[in-house]
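Take a look at the structure below.
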Protein chains: 2
Amino acid sequence: MGNSKLYKGSLNTIILKLLEEKGKMYGYEITQKVKELTKGELKITEGALYPALHKLEAEGLLDVEVAKVDNRLRKYYKLTEAGEKETVNRLAELEEFIRSMQNLVNPKWSIE
Amino acid sequence: MGNSKLYKGSLNTIILKLLEEKGKMYGYEITQKVKELTKGELKITEGALYPALHKLEAEGLLDVEVAKVDNRLRKYYKLTEAGEKETVNRLAELEEFIRSMQNLVNPKWSIE
DNA sequence: TTCTTATGCATAAGAAAATTATGTATATAT
DNA sequence: ATATATACATAATTTTCTTATGCATAAGAA
């Protein structure tokens, strides 16, 4: 299972990006969304996700809001103001990184 | 200095790809080439590079050839046959990963 | 009705893969 | 002389993941 050892370092940015898009999401929802968007190629494990969410919250980039749906707990996360600013920066960095990787891996692509 | 925390996991593939292109390269040359190709954005540190080269060699994917140029040591690495095969696989995996990341970060790009 | 799968959170132990800090040595430019 | 560039290497530490485990409810299958 889960053999995507390549996304190391980009998990935080992925989380921020999704929250920027959707407004608010809860942990399990994020794992499912990523699986869906990448056609199952990228699987966010809970062991990676929850600590990452807690850290982003501790850094003041996320706010939490607890809800109970169908008698089950959900923790909805959304960007703080600081989080919105950081998201812009980190996304730019990630996009630049992706471009660099393309340049390395397949220079032809980036000519156009 | 070196603030590219994003390429984690892809160093091995980058090395293999460069060797596939250039035939043979030595460590220091690889660091400079990557810096050049990414316009300074990606800096391979020696602490990451040399262990990676040694590991790829131990796995039978690389061959070494020592040379002395200007009284300085150089260790030229090149792909073994097994290394050439692995390079194809790992490049495909990395390209697929890059596509996934694009899909997450900027879905618009990947429609075309 | 029992068992599995899905939903939902969390943390601890361990592994992988980097960074940072050293160390050695020669060559070149200031 | 001194700093920078070239060239290799490794140890200590940190970051960031995977794997394993734990708790709990809901829904569907057997």
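A note on names: the letters A, B, ... follow the listed sequences, proteins ahead of strands, and every chain is numbered from 1.
Both tests pass for B:K24 against the ring of B:Y76: distance under 6.0 Å to the centre and angle within 45° of the axis.
Here B:K55 lies in heavy-atom contact (under 4.0 Å) with sugar-phosphate atoms only. Contacts of A:G47 with the nucleic acid, taken as non-hydrogen atoms under 4.0 Å apart, include base atoms. Contacts of A:E46 with the nucleic acid, taken as non-hydrogen atoms under 4.0 Å apart, include base atoms.
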Take B:L91 and B:L16 through the side chain to side chain contact (heavy atoms under 4.5 Å, CB included) test and state the conclusion after the steps. CA-CA 9 Å; B:L91 264 179; B:L16 294 173; over 6 Å; no
Start with the C-alpha distance between B:E96 and B:E93, add both sets of side-chain angles, then the distance that settles side chain to side chain contact (heavy atoms under 4.5 Å, CB included), and finish with yes or no. CA-CA 5 Å; B:E96 185 57 35; B:E93 198 193 351; 5.8 Å; no
Chi angles and distances behind the side chain to side chain donor-acceptor pair (under 3.5 Å) call for A:T87, A:E20: CA-CA 8 Å; A:T87 301; A:E20 187 194 52; 5.4 Å; no
Nucleotides 23-27 of chain D: which of its N/O atoms have a protein N/O under 3.5 Å away?
| residue | atom | partner | partner atom | Å |
| --- | --- | --- | --- | --- |
| D:dT25 | O3' | A:N71 | ND2 | 3.2 |
| D:dT25 | O2 | A:R72 | NE | 3.1 |
| D:dA26 | OP1 | A:D70 | O | 3.4 |
| D:dA26 | OP1 | A:N71 | ND2 | 3.3 |
| D:dA26 | O4' | A:R72 | NH2 | 2.8 |

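Residue A:L49 contributes atom CG, which lies 11 Å from atom C1' of C:dG8 at whole-angstrom precision. When the P atom of C:dT7 is taken as reference, atom CD1 of A:I30 falls 15 Å away, rounded to whole Å. With rounding to whole Å, B:E29 atom CD is found 12 Å from D:dT6 atom C1'. In this structure, NE2 of A:H54 is placed 16 Å from P of D:dT16, rounded to the nearest angstrom. Atom C1' of nucleotide C:dA25 and atom CZ of B:R74 are separated by 15 Å, given to the nearest angstrom. Distance B:I14 CD1 to C:dA18 C1': 13 Å, rounded to the nearest Å. Residue A:Y26 contributes atom OH, which lies 15 Å from atom P of C:dA6 at whole-angstrom precision. D:dT16 atom C1' lies 14 Å from atom CZ of A:R90, rounded to whole Å.
Among the duplex regions that DNA chain D forms, those built from at least three successive Watson-Crick or G-U pairs under 3.5 Å are C:1-30 with D:1-30, ordered by first number.
Take the nearest nucleotide of DNA chain C for A:L73 and for A:P51: the residue whose nucleotide is more 5' is A:L73. Judged by closest nucleotide on DNA chain C, A:Y76 is the one of B:A52 and A:Y76 placed further toward the 5' end. Nucleotides of DNA chain D nearest to B:Y28 and B:K75 differ in position, and the one nearer the 5' end is that of B:Y28.
Within 6.0 Å of NZ on B:K17 lie more than 12 heavy atoms contributed by other residues, nucleotides or ligands. Heavy atoms of other residues, nucleotides or ligands lying less than 6.0 angstrom from CD of B:E81 number 12 at most.
A:L19 and A:V64 fall within the same hydrophobic cluster, where Ile, Leu, Val, Met, Phe, Trp and Tyr residues are linked whenever their side-chain heavy atoms come under 4.5 Å apart, directly or through other members.
Taking 4.0 Å as the cut-off between side-chain N and carboxylate O, A:K33 and A:E29 do not count as a salt-bridged pair.
Phosphate contact (OP1/OP2 of D:dT10, side-chain N/O of B:Y50, threshold under 4.0 Å): absent.
You'll find that the side chain of B:T45 is closest to C:dT20, out of C:dG8, D:dC8, C:dT20.
For B:L49 against B:G27, the heavy-atom pair with the smallest separation is CD2-O, 3.3 Å.
When A:L62, A:D63, A:L56 are each tested for a side chain to side chain contact (heavy atoms under 4.5 Å, CB included) with A:L79, only one passes: A:L62.
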